[in-house]
Protein chains: 2
Amino acid sequence: MTVNVLFAAKDEAWEKYSQHLPEALKEVGIDAKVSPSFPPEEVDYIVYAPNSSVQDFTPYTRLKAVLNLWAGVEDVVGNQTLKVPLARMVDHGLTRGMIEWVTGHVLRHHLGMDLHIHGQDGKWRAYVPPLAEERPVTILGMGELGTACAQTLAGLGFPVTGWSRSPKQAEGITCLSGPLGLKEALSKAQILVLLLPATAATENTLNEETLAQLPKGAVVLNPGRGALIDDKAMLRALESGQISHATLDAFRNEPLPVTHPYWAHSKVTVTPHIASATRPRTAARSVAENIRRREAGEPMLNLVDRALGY
Amino acid sequence: MTVNVLFAAKDEAWEKYSQHLPEALKEVGIDAKVSPSFPPEEVDYIVYAPNSSVQDFTPYTRLKAVLNLWAGVEDVVGNQTLKVPLARMVDHGLTRGMIEWVTGHVLRHHLGMDLHIHGQDGKWRAYVPPLAEERPVTILGMGELGTACAQTLAGLGFPVTGWSRSPKQAEGITCLSGPLGLKEALSKAQILVLLLPATAATENTLNEETLAQLPKGAVVLNPGRGALIDDKAMLRALESGQISHATLDAFRNEPLPVTHPYWAHSKVTVTPHIASATRPRTAARSVAENIRRREAGEPMLNLVDRALGY
């Protein structure tokens, strides 16, 4: 029997997925029709971007599951009309892309690259950076992405501390948890990476108090979620020199408004939400595998715990 | 018996090593006197920087070995007055530092970071870079450093080709050799890393002909030796767009003269010979271990083949 897969996302996304998604479903042996429009009562699965026009799931009476196209679920998890399982996007491509962004920007700040990229002025600045083994990095958030980034950085020699709400273990990583653990994790971080989910509990994780717990001159990377940072507190910490640089990929409003002070700030680098971009080719495979599992009666992967919010 | 170790290098280097070197020798159980001056006939070992004032080794009549402080030996290997074994510097810190520089700059170009570092102008450039697995990197030179860098990049997902004069093997790397292998290695390189030693045979490895064998728009990284590149051919290739960017850490004359066209070139990043900087703490351990081996009658490590020149 053919399963009907509604692709509920912006038109740009459909352009990227219209080929990859049917291909990936065919590869796993699912006879599916994928389309951006169906009569609601005929839809079996929704491949979903939270910014799509579908906000009321009530008419989708035979819906089996919603497969989020994004890693972040904060804009759908609270939707009371959604009664079926919701799967986060865990995309091989997204994980690799996040590792590349985080590793690249950690090395950029570690090596002091900006000095050379900006300073092509004939001045030979023979400053030898310390080795990675002398540069402690802390990652807040030890989910799928945080753990993968932590282990890659540890492999390059960085001493890595990973903090999470509940206790975790990861080989080669100093794992801390809870409020006291957070203070200790921050106190060591020459480079801090934010990879927490956006929930009510994580909003403004980086605020005036926690920014002050970092070593003076720390660098902050935020490839996670905009709401993790109290932006006003961050701007004050940049002014005072408490934070020497912030490289930010996620913002409360995106695209970041042209008038936002982050844009013009010499100690801020804005990247346009590319760290956690899903790649259609690999993401389509992830969606197809989950539909195959549901059809075969196997447990689906990466289901969201709606109570926890991630 | 106390061994006398002459430290023959610039005064700045002595400042860095005067503490680490005696400590490292003591750690391996060698009773040594380390000093920047001795009567030549009392010297057992010379810890040597090729730019030191010692250029005639004839008066050092009881010399057992010369321990180069630099990875590069091209400025000492041809010295006819040197009759004892010469060891290259293979420093854990140097290898780590090289891996960090190469990985950092490969990721910088792969991610298109400069666009964001330079372009803080309020324009949201939502360009998602390809994944590392779609970005072929070629390394010329598969010695200690080239192999280490190749394996780190392969670990991040880059398809890595390594080329060397004579055939080599390295896990996870496509290894090529010889003139035909060079052509093939160049033809695939979206990012090319030069890590060949400076010898008569490698001078101008990157010249008009070989630059043209790269894919249009390739990026060149040179953390190796300045003489590997024909600078005029490189400047022409940058003008024509054949090479989109060159990040160079080694030059024929260092410091790179302020009038050199590389400095002002928007497609060139100059870094001040930091990729292969030895770190005194780790380098001192490497020197001490080799002196311990010679004193114990064990084979020394990293001896230079004077005929090959490296």
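Letters A, B, ... mirror the listed sequences (proteins, then strands); counts begin at 1. Keep in mind that this is a model prediction, so the values were computed, not measured. Just so it is clear, the values below take in all heavy atoms, side chains as well, and ignore hydrogens, waters and symmetry mates.
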Contact between B:Arg108 and A:Arg108 at the side-chain level, heavy atoms closer than 4.5 Å - yes or no? no

Side chain from CB out, backbone as N, CA, C, O: work out which of these in B:His265 comes under 4.5 Å of a heavy atom of chain A, or both, or neither. neither

Which one wins on heavy-atom pair count under 4.5 Å against chain B: A:Ala277, A:Pro257, A:Pro129? A:Pro129

Spacing of OG1 belonging to B:Thr271 relative to NE2 belonging to A:His116, to within rounding of 0.5 Å: 6.0 Å

Residue selection (most heavy-atom pairs with chain A, distance under 4.5 Å) from B:Ala132, B:Gly157, B:Ala275: B:Ala132

I'd like to know which of A:Thr103, A:Ile274, A:Ile117, A:Thr259 tops the heavy-atom pair count under 4.5 Å against chain B. A:Ile117

Smallest heavy-atom separation, A:Arg279 atom then B:Pro130 atom, equals NH2-O, 4.1 Å

Return the CG to CH2 distance between B:Leu256 and A:Trp124, rounded to the nearest 0.5 Å. 6.0 Å

In terms of heavy-atom contacts, A:Gly119 and B:Trp263 come closest through O-CZ3, 4.3 Å

Under a 4.5 Å heavy-atom cutoff, which of A:Thr282, A:Val270, A:Thr152, A:Leu115 has the most pairs with chain B? A:Val270

Smallest heavy-atom separation, A:Tyr262 atom then B:Gln120 atom, equals O-OE1, 4.4 Å

Using only non-hydrogen atoms and a strict under-4.5 angstrom cutoff, which residues of residues 231-246 of chain A touch chain B? none

Looking only at heavy atoms, which two atoms of B:Gly93 and A:Leu131 are closest? And how far apart? O-CD2, 3.4 Å

Assess whether a salt bridge exists between B:Glu133 and A:Arg281, defined as any Lys/Arg side-chain N lying under 4.0 Å from an Asp/Glu carboxylate O. yes

Could you go through B:Leu156 and A:Glu100, starting from their C-alpha distance and side-chain angles, then the distance that decides it, and tell me whether this counts as side chain to side chain contact (heavy atoms under 4.5 Å, CB included)? CA-CA 8 Å; B:Leu156 283 165; A:Glu100 293 169 19; 5.6 Å; no

Which residue out of B:Arg96, B:His273, B:His260 racks up the most heavy-atom pairs below 4.5 Å with chain A? B:Arg96

Is B:Phe158 in contact with chain A via its backbone, its side chain, both, or neither, using a 4.5 Å heavy-atom distance? neither

Are there more than 12 heavy atoms of other residues, nucleotides or ligands under 6.0 Å from atom NZ of B:Lys188? yes

